[in-house]
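In this chain, numbering begins with 1 at the start of the sequence shown. When reading the values below, keep in mind they use all heavy atoms of this one structure, side chains included, and skip hydrogens, waters and symmetry mates. For ligands, and for the atoms within them, numbers begin at 1 and follow the listed sequence.
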Amino acid sequence: MVLKGQVAVEGIGIGLIQIVNINIDNFLNAYIQEDMETEKNKYQQAVNEVKIDIKQLLQKIKNSDDDPSIMEAHLMMIDDIMLAEKIISNIKQGQDAPTAITNASIELENMFNQLEDAYLKERAADVKDVCKQILFKVIGAKRFSLVGSNKIIIADDIEPSLMASFNSNQVSGIILKNGSMTSHSIIIARSKGIPTIVGVSVNLEMVNNETMAIISGEGHLIINPTTKEEEYYQLQKEKNNKLLSYYLSTAKLPAITINKKEVTVAANIATPDDVEYLEDNGVDGVGLYRTEFLFMESSQLPTEEKQFNAYKKAIMGCNQKLCIIRTLDIGGDKPLESIQLDGEENPFLGYRAIRICLDQRDLFKKQLRSILRASAYGNTAILLPMIINVEEIIKTKELIKEIMLELSKEQTKYDQDIKIGVMIETPASVMMASLFSKYVDFFSIGTNDLIQYTLAVDRGNQKVSYLYNYYNPAVLHSIKRVVDAAHNEGKWVGVCGEMGADKKGIVALLSLGVDELSMSSILVPERKEFIRNFNNDLIDTNLLLKCKTPDEAKSYLSTVEKQIDNSIKSKFT
Ligand code: PEP
Ligand code: MG
């Protein structure tokens, strides 16, 4: 039997199925509520035990090559005042500890789920995960435990802490019924290189823990494969492993196309700890540091010192390669506890990003001051989000000048030549790119928002997701216009939206003349090799721009992508 899903982590997995399916109803039914103080104590005791578990897991992660940042976030989440206060207040209102934890979890999950930003939305999964761990301790239920090795795990969804406990010897693949492509769990699976497919409807009555399965690498789950199929996929897997070690061995080489264009391949980061992965993956610096996380971590705004330390860490971690720090991109769809934002009818078109920063000058000044102070420690650039007119650039540059004068007076060091760029995310910025290019050092195209605003298609709305893609000629023409405008002024253009990480996207962007791509570090070794095999002769930019429909452009880009993939694979056959 073959089922189809969406590839979340590429690769082939072969093994026996193990189903993650823990029913806690019996534990909950057997739970006996005691007096309020005892319920509070049971909760506190559980919190302490979970903290010990997470610290042990963190220790293991730190001894491996895995990314500790998500588990570190869990450790902070468990101490989050808002979460603790909600649980205690529920207990005070007469709820038993399990109900108090479950209700607080749902309330906070809903709050985070309403946020538009995929990264911030993921905090809902973190809350759920941490609360589930506390709940299991309170009711005395055991969490899922893996038996044996080379397993294909099947679950509705897997919480990040469970995913973090897996390693690629024990787990050869993961099948999720739900699960989004950008979830923390998927990010962890990706960092461990565990092949994963999401959106697969497996009928659990048809499989058990003795069932053999294969994850094909192209989004297929083959249940009970034939011996021939097993042999075929085993061979493909060995070939893929060779390719992966090849990508890693060449990761530090520059990404120069066959036509001799050197493309900078940088990383998108969410916390300064993410810079740890730059070196091994051959990443050329940070193309986008989303500073929102620093502001979302607590109910209070981060102090100048806290911001300075975070930015300095990221900058120093780039080892003189460029570290592009984006100023605060919140508002409307990404509310902050620490800033009062009124509910808006059209939050996407409302009070957000640069609009808030220029309005709340002290907040903006503190962030720019922190970035400027940190710029003394390496190669830094400031990136401004959601720009729609030149006044926003001029006002920001004036503020930066003012801060520079203050810092000079105080004899505080900073980079006097710090580079300033703007995100191209709105149709207005596309239309005005020629003018903007005279005021800034570079552009970074945020295709996630550019697609949404150009096509008037909400990037998070499933109902219209079929319209949301970069193949639409309107998006391709916009990018071309921006690249031409920048190059006319001798400025460079990067892409930090998801299009820059996608192979068909890369084909289009290189053909349109983009100079830099920024993506998750883990993808960099493979994408660099892809770029090294890119040849302008494979694609005619005029033909790409003449495509009348998204499907036409997609199929053209697909053909080129396959040719490049084949030329890489041919080196190994
Ligand atoms: C984008 O819009 O493409 C982008 C990189 O910014 P964000 O996803 O943070 O909105
Ligand atoms: Mg954006």
Item to check | Min N/O separation R326 to ligand 1 under 3.5 Å | outcome: yes
Item to check | Enumerated ligand 1 atoms positioned under 4.0 Å from heavy atoms of L288 | outcome: 5 (C)
Next on the checklist: Of all the N, O or S atoms in E425, which has the shortest distance to the Mg ion (ligand 2)?
Outcome noted: OE2
Item to check | M423 neighbourhood, listing ligand 1 atoms whose heavy-atom distance to it stays under 4.0 Å | outcome: 4 (C), 5 (C), 6 (O)
Checklist entry - In terms of side-chain geometry, is the basic nitrogen of D329 or R352 positioned less than 4.0 Å from the acidic oxygen of its partner? => result yes
Checklist entry - Should R532 and E529 count as an ion pair when the cut-off is N to O under 4.0 Å? => result yes
Next on the checklist: Just checking: D449, one of its N/O/S atoms, less than 2.8 Å away from the Mg ion (ligand 2), yes or no?
Outcome noted: yes
Next on the checklist: Side chain or backbone, does D449 bring an N or O within less than 3.5 Å of an N or O on ligand 1?
Outcome noted: yes
Item to check | Carboxylate-amine/guanidinium proximity below 4.0 Å for E304 and K366 | outcome: no
Checklist entry - Side chain, backbone, both or neither: which part of E498 has a heavy atom under 4.0 Å from ligand 1? => result neither
Next on the checklist: Applying a heavy-atom cut-off of 4.0 Å, say which part of I445 lies close to ligand 1: side chain, backbone, both or neither.
Outcome noted: neither
Next on the checklist: Salt bridge check, D484 against K480: does any charged N sit closer than 4.0 Å to a carboxylate O?
Outcome noted: yes
Item to check | Part of M499 with heavy atoms under 4.0 Å of ligand 1, whether side chain, backbone, both or neither | outcome: neither
Checklist outcome for this item: Heavy-atom proximity to atom 5 (C) of ligand 1, picking from R290, E292, M386, points to R290
Checklist entry - Has M431 got more than 12 heavy atoms of other residues, nucleotides or ligands less than 6.0 Å from its CE? => result no
Next on the checklist: Could you check whether D284 pairs with K528 (Lys NZ or Arg NE/NH1/NH2 to Asp/Glu carboxylate O, under 4.0 Å)?
Outcome noted: yes
Checklist entry - Counting from 1, what ligand 1 atoms have a heavy atom of G446 closer than 4.0 Å? => result 1 (C), 2 (O), 3 (O)
Next on the checklist: Looking at K546 and E552, is any side-chain nitrogen of the basic one under 4.0 Å from a carboxylate oxygen of the acidic one?
Outcome noted: no
Next on the checklist: Restricting to side-chain hydrogen bond (donor to acceptor under 3.5 Å, both in side chains), what partner residues turn up for S520, sequence neighbours left out?
Outcome noted: none
